Structure formats: structure tokens, C-alpha cells
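Input: a single structure, listed below in C-alpha cells.
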Amino acid sequence: MACGRVDGDWTGRSVQLAGWVHRRRDKGGVKFILLRDRTGLVQLAFEPEHTPQRVMEAASSLNPEDVLWIRGDVESRPPEAVNPDMPTGAVEIRVREMEVLASSDPLPILVAIPPGEDLPSEELRLRHRVLDLRRPELQRNFVVRHLATNAARAALARQGFLEVETPFLTRRTPEGARDYLVPSRIHHGEFYALPQSPQLYKQLLMVSGFDRYFQIARCLRDEDLRADRQPEFTQIDVEMAFVGEDDVFAACEQMLVDMYAVTLDRAIPVPFPRMSWAEAMESYGTDKPDLRIEWRIHDLSEVLGGRGFGIIDGALADGGRARGIVVPGGGSLSRSRLDAINDMARAAGARGALWLKCTDDGYSGPAARAVDETAGARLQAEYGLSAGDLLVLVAGPDSESSPALDVLRRQLGTELGAAGEGEHWIWVTDFPLFEADPETGAPAASHHPFTMPVDVTAAELLAEPFAVRSRAYDLVLNGTELASGSIRCHVPELQRAILEVLGMTAEQVDARFGFLLEAFRYGVPPHGGFALGLDRLIAMMVGVSSLRDVIAFPKTTAARGLMEGAPSAVEADLLADLGLRLADAGGADGD
RNA sequence: GGGGCUGUAGCUCAGUUUGGUUAGAGUGCCGGUCUGUCACACCGGAGGUCGCGGGUUCGAGUCCCGUCAGCCCCGCCA
């Protein structure tokens, strides 16, 4: 029997339970213990009338987190003792037999944290992860994770996908993130890389004829961490042959529908709307817009330009634009908040932001000088700026104004409570095939080098690489990128052109991707797919902001495992086996 | 690599602004009382490397420098 499943139907029956002592309430002559297992809590009642003397005495010395086995009778509680806040609060177990299976030392952190009490520090929670994971709140997260993962697996299997595992010891690929490396003992001086994702393998599986593949795959990237980034994380990795975007989106949407239905008993509205990357950047300043905030970015160059306002006219003369957001009710912001707008924009890389308050008496603020009667009338008629509203403006090249306006939109939207409820799923499509390397200006693959370009010949692609769109897409939920993928390039001359634009010599291409391109020579089906960040999705499902709350044994922001103490130094002879020597290791082994 | 916040009892925190007698509270822990509790209540007790190292000072939890750890962010990362 499970603690959380005992209810009125069991009244009068004898049950055996095993679990942990959650809380103890000892009244002297009568004692109560909350017994906990994965399913929940139930109250054990120890009374002289029903409980043997020996058991009563043993119950007096129980400690929190002792492990008990008991046998007793399920009984309704006296009416005045019913606890309506507890799922099993109508009943209790009259204990007749008890055995302490294991006792617990005093706890470094509490499992039964009193209401209103703060959680222990993240550091202690991670160090004593076993205890932290006993808390019902965290256990719930892993139940959701299990149910959602099962639902995804079932949904994909039902759609004809085949689950295939791919190697963990793989070859380094210079693209993308830093690799975790594993030295080879047999081949001194050579290294395996742990996979950043199964990307190349899943494309090879398409060539192998597994026309619908999936894997719930661990991915590893040796980069600095954030609340939403762990060095190892899990993707639902999917690839399909003979498909276009519609097929991929439908497969993903059906999977998510099932995951939400099974896990949270909730319907999500499919198909998800689509938005081009260009539209996302133009109207929201980001490739992952949070549509809970309705405000959009407008191009106000024409309305506000040419009125002798230096900041705007200067930006326009340099080929930039003046773009802004109408913030309804933003006139209520204090002067210090308005000053902060400028700082936020500068922190985001713009030269600054201007603001304009609209009142019944006219306009005020740094941008007021750009607003004459005509401009004011147009702002009102075309952009809905009215008394009590604020206009936030950023002038300059889009590359500076977009990130700044994105930050301002989200920050002010949150501050003014403009974010609506609900979940806004969108597919963002038609990403640029290349983006300029911020330092060199050289083209770099914006998704990855095997993405299909949109409607372009190899010659056009070589002539104007930055103008080419790709068949890459992201799935965005409330401003968070949950999945991304593409239709892959299976056309040899386009593929060659892409690699040429990326500046790779034939030798480099051969060394890095030779095995993929060779496979493509023997009949490659058109294919595409996506990878969905499972940890992030589960975090959103259960409403937590840190991935650490949905990963059983996560790493700290410095990529340490505090519980097990990873990483750790290793013995010199192990290094010698691998043909390695530490560069800064002094002493006998040093140079 | 850079910026910010935090570090005081097992745990959560106050005390640091303005250096000054014996560093406090709640909770947990230990002992006791209690026959219907549910964060049980009540009485008593133990418990401190103020993260670590150095400096300033007659005197440092408090000021300065360095360092370690955790968290958040930028860079980085799809």
C-alpha cells in the first residue's frame, strides 16, 4: 500500500505501509507521525487503546527521516480531527506493529520544510541532493518529467518513428560549442568528443533509410552555464525523410499535444502560428518574441525624421532608422525609471534610448523636439499614442536598435503588467542562412552548415550570401526557444557553395564532414527534423525557472557536481596510461 | 574572461551603514511535561573558525586587499 493512496474506501482494513518519518507530533499519551513515500503523506496514530506498549515506546524515539514499516488499521478520523488540507486527511492508520528499517542521523537540511520557511541555500541543496530530492515539490517535477517523456516516446512511436541510439564517444566537430574531450588510451594524442547533439548521426540515419528517427538524447557542451543552461542536457531529437516544414511541424505539434494532454491534462492550440524571422526582428527585435506582450516595434523614421532633431536625423543619414514602441499607460513611470530606459538601451548595445510622454497638454521628454503638429497627429492616428502613454525610441542601425527595443519591450512590459496570461507558441521561420561574424564580418552558418537555402542557385548564393534565407526554424514559447531545426541541404552543388562561402577548403571540408558528404553521394533522401530541449520544456510545464529543479543531479554554474565532487583530480599513473601530463603539475612528473 | 549579489549556530536570517563589554532571533537538536495533534503546545539546555588568508587599528563579524564557494547576468553557447 502507498501512503498517498489511503482513503475512505480502505476504512476498517488492515494495511502495511513503509516510508519515511516526515513529521512527528508527540502529545505524550498519544502520538502522531506523518509517514511519507513517493505518493504522499498519511497520518499514523499511536494510541494506548490500539497500539502495543512496546510500539508506543519505540515511537517516542523516532526521528525525522527514519525509515519505517508498519501494520495497522485504516480508520476515519474523529470529525473534529479531519484535515481538509491533506489528501489523506479524512483517515489515519491505527498502528499495531512497527519496525524501524533504518534510522536517520540529524539532518543537514530539512526535508519537511515548514510553510513560510525559505529553502536552504542552493549550495546545500546540491551538496545534500538526496535529501533535497525527497521534498514533494521536487518529486512532482520528476513525475511530470517521466510522464512527459513517456508521452513523447509514445506519440513519436505512434507516428512511426524509430528510436535509435547514437555514439557518445564521437569525433570532434569544429562547428558550434566547445567539446568535452575524452583522451584515447589506445591512441595517445587523439581524443574522442562527447556529442553536442546527434546532428550528423541522425542525418546519416536518414541516408541509411531509417526514414523516421527519434532519440531522447543527452547532449554535452563545454560552455559557461546559466539558470537555463547545463553542461549536459536532454533533447528530443527527431529527423524525417521525404518531408517539408509542414510535416516536421505537424510531427512536433502532435508530440507536444500528447505530452501536455497526458501530463497536465491540458490542450494546446495547434497548429502553432508561424512568423518569419524578418517579421520577428522587425516587430519584436528578437528571433524569439514573447507574444504575451502585445506591444510591437514600429518604424517611425518617416514620421519623426527630417524635423531637425539631430539624434534621429543623424541616424537616418547613416542608413539607420528610428524605431519605437508605444507603451500604453507608460506616462505613469517615474523620472528615475525613465532615466533607466536610456541605461537599459545602452547596456543592450544601443547608443541610447529617447522617450516621449504624451499628456493632455502635449509632449514632453527628450524626444519631444522631434514631434511637431503633423508628427503628433500621425503618432496618434497611426500608432495609437494618446494621453498617458509613453513612446520609447531608439535611433540607429537595426543591429543596435533591435536588441535594445527587445530588452525595453520585455522589461517595461513586465514592469507595467502588460504580459498577458497563457502560452504563445510560434514557429519562427526563414532565418538567414548566414550571419556575419561579429569580429571579422565573415559569413558564419546561422543554424548549421547543412541547412537548405530557400529558392536560390549556387551562383546566387555565392554572389550574395547574406541575402539568402534558409529553411531553418525555431519553436518559441513565451520568449523561450524550445526547439529548433531545419530542412537539410541534400543538393551537392548548393552544399559545396555553402561550404565555400564559409571559407572552408576542400581539405578542411573533407577532414571535418567527409563522412557525411561521402554518405550523401550514395542516394540521400530529402530530409529535415528538429531537436527540442526537454529540460526547458519540463521547467516550463512545472513552472520553475532553473533547470536544476528538473534535473536530478545537476551541476553548479561552475560546472561542479557538489554531491559527488566532480570533476576531480586523478592519479598520475592514469594520466600516464592516456599519454597525458599536466602542463602546470610541478614535482617529480614535471619538466 | 568580465560585472553584480551572497557567505554569521545543523538550517533560515538579524547584526556590517557609524569598529568598542559576554555575537542574537526563529527553527532544528538534546532533556522534561502533555490522550486528538496536524508548522502540536509548554519548560529547560547544548550549540559559533562571523567562508578562508593577509592588512589597518589599542581593538575587526563590522574598514582595506587578496582568495574560495554559491547564485544572477554579459561574453560564450542553438
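Residue numbering restarts at 1 for every chain, and letters A, B, ... go by the order of the sequence lines. Scope of the values below: all heavy atoms of this structure, side chains included, with no hydrogens, waters or symmetry mates. Nothing here was measured: the structure is a model prediction, and the numbers come from that model.
Figure legend. G31(B) is base-paired to C43(B); pairs are counted as Watson-Crick or G-U wobble with both atom distances under 3.5 Å. Figure legend. U16(B) is base-paired to no nucleotide; pairs are counted as Watson-Crick or G-U wobble with both atom distances under 3.5 Å. As the counterpart of C71(B), G4(B) is assigned, both hydrogen-bonding distances of the Watson-Crick or G-U wobble pattern falling under 3.5 Å.
Inter-residue side-chain proximity for Leu256(A) and Met259(A) is flagged as met; some heavy-atom pair is nearer than 4.5 Å. Between Cys3(A) and Arg36(A), every side-chain heavy-atom pair lies at or beyond the 4.5 Å cut-off.
Nucleotide U35(B) holds its P atom 10 Å from the CE atom of Met56(A), rounded to whole Å. Between Glu49(A) atom CD and U35(B) atom C1' the separation is 7 Å, expressed in whole Å. Note: CD (Gln230(A)) to C1' (C71(B)) measures 13 Å, nearest angstrom. Atom pair Asp85(A):CG and C38(B):C1' shows a separation of 9 Å (rounding to whole Å applied).
Counting non-hydrogen atoms under 4.0 angstrom, Asp118(A) reaches the backbone sugars and phosphates but no base. Contacts of Ile113(A) with the nucleic acid, taken as non-hydrogen atoms under 4.0 Å apart, are absent.
Look at the C1' atom in both A25(B) and A9(B): the space between them is 11 Å, to the nearest Å. Taking the P atoms as reference points, G28(B) lies 11 Å from C42(B), given to the whole Å. Going from the C1' atom of C50(B) to that of U22(B) covers 16 Å, rounded to whole Å. Remark: the separation of the P atoms in C43(B) and U27(B) is 11 Å, to the nearest Å. Going from the C1' atom of G54(B) to that of C68(B) covers 14 Å, rounded to whole Å. Taking the P atoms as reference points, G19(B) lies 15 Å from G59(B), given to the whole Å. Atom P of U17(B) sits at a distance of 14 Å from the matching atom of U6(B), rounded to the whole Å. Only the P atoms considered, U8(B) is 15 Å distant from G70(B), to the nearest whole Å.
Qualifying side chain to side chain donor-acceptor pair (under 3.5 Å) partners for Arg536(A), counting only residues two or more places apart in sequence or in other chains: none.
Side-chain atoms of Glu123(A) and base atoms of G51(B) include no donor and acceptor less than 3.5 Å apart. Taking only distance into account, the side chain of Arg226(A) meets the base of G75(B) through a donor-acceptor pair shorter than 3.5 Å. At a cut-off of 3.5 angstrom, the base of C76(B) holds no donor-acceptor pair with the side chain of Asp224(A).
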Start with the C-alpha gap between Phe513(A) and Phe450(A), add the side-chain angles, then the distance that decides, and say whether ring-ring contact (aromatic ring centres under 6.0 Å, His included) holds. CA-CA 10 Å; Phe513(A) 308 115; Phe450(A) 301 101; 5.0 Å; yes
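Map Glu481(A) and Gly28(A) each onto its nearest nucleotide of RNA chain B; the residue landing nearer the 5' end is Gly28(A). With RNA chain B read from its 5' end, the first of the two nearest nucleotides for Arg229(A) and Lys555(A) is the one closest to Lys555(A).
Closest to the Thr557(A) side chain, of the nucleotides C71(B), U37(B), U12(B), is C71(B).
Under a 3.5 Å cut-off, the side chain of Tyr473(A) and the backbone N or O of Ser486(A) do form a donor-acceptor pair.
Note: Phe272(A) and Trp425(A) have parallel aromatic rings, judged against thresholds of 30 and 60 degrees for the angle between ring planes.
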